[in-house]
Amino acid sequence: MIVIQVIPRAGQDAYKLLRHKVIHEATTWSWSNRKKTRLRHVQSKGWIDVYPAGGVLVAKVVPKEGRDLFYLAEKFMGRLVAWFEEELVAINVQLLDEE
């Protein structure tokens with residue numbers, strides 16, 4: 001399992017930045033639930049669960065099949081860099097064992 005922490009610059013909220021971008025500008029990403037916590041890419045099999053945590057965004061990559069893990073994580077991190085390079089301090093990746 002891959003868990004990604006998105007650390008914003010002071011005064012920013014990474015979840016709010018992502019939510020606004022996906023709702024108003026994204027063409028290949030969409031929210032798949034009303035709470036805006038499940039993010040899907042048009043070409044992927046699986047989703048990314050996102051949670052706000054005091055300005056930090058925590059994202060859990062949930063592929064439908066194991067081979068899709070890399071694809072989802074790569075697409076998501078690439079978009080974060082492309083969209084929010086100036087607003088972010090760090091993107092941390094954690095590789096966890098499945099429970």
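Treat the numbers as computed from the prediction; the structure is a model and nothing was measured.
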K.L.:
Taking the side chain as every heavy atom from C-beta outward, state whether Val6 and Leu17 have any pair of such atoms under 4.5 Å apart.
P.N.:
no
K.L.:
For the residue pair Pro63 and Leu69, what are the closest heavy atoms and their distance?
P.N.:
CB-N, 3.6 Å
K.L.:
Do any pairs count as a side-chain hydrogen bond (donor to acceptor under 3.5 Å, both in side chains) and have a residue in residues 9-22, sequence neighbours left out, and if so which ones?
P.N.:
Lys21-Glu25
K.L.:
Would you say that Leu95 contacts Met1 through its side chain, given a criterion of any heavy-atom pair below 4.5 Å between the two side chains?
P.N.:
no
K.L.:
Test your reading of the model: is there a side-chain donor-acceptor pair from Asn33 to the backbone of Arg38, 3.5 Å cut-off?
P.N.:
yes
K.L.:
Holding to side-chain contact (heavy atoms from CB on, under 4.5 Å), I want the full list of residues that pass it with Ala10, two or more places apart in sequence or in another chain.
P.N.:
none
K.L.:
Return each pair, listed once, that meets ring-ring contact (aromatic ring centres under 6.0 Å, His included) where at least one residue sits in residues 33-65; pairs must be two or more places apart or across chains.
P.N.:
Trp29-His41
K.L.:
Are Val22 and Val58 in one and the same hydrophobic cluster, where Ile, Leu, Val, Met, Phe, Trp and Tyr link if side-chain heavy atoms are under 4.5 Å apart?
P.N.:
no
K.L.:
Might you point out which heavy atoms bring Gly55 and Pro8 nearest each other, and give the distance in Å?
P.N.:
O-CG, 3.2 Å
K.L.:
Less than 4.5 Å apart, any side-chain heavy atom of Ile2 and any of Phe76?
P.N.:
no
K.L.:
Are Ile23 and Val50 connected into the same hydrophobic cluster when the rule is that any two of I, L, V, M, F, W, Y join if their side-chain heavy atoms are below 4.5 Å apart?
P.N.:
yes
K.L.:
Show every side-chain hydrogen bond (donor to acceptor under 3.5 Å, both in side chains) that has at least one partner inside residues 80-89, sequence neighbours left out.
P.N.:
none
K.L.:
Sequence neighbours left out, what passes side-chain contact (heavy atoms from CB on, under 4.5 Å) with Ile91? Give chain and number order.
P.N.:
Ile4, Met77, Leu80, Val81, Leu88
K.L.:
Please list all pairs passing the side-chain hydrogen bond (donor to acceptor under 3.5 Å, both in side chains) test where one or both residues lie in residues 57-75, with sequence neighbours left out.
P.N.:
Gln43-Tyr71, Glu65-Arg67
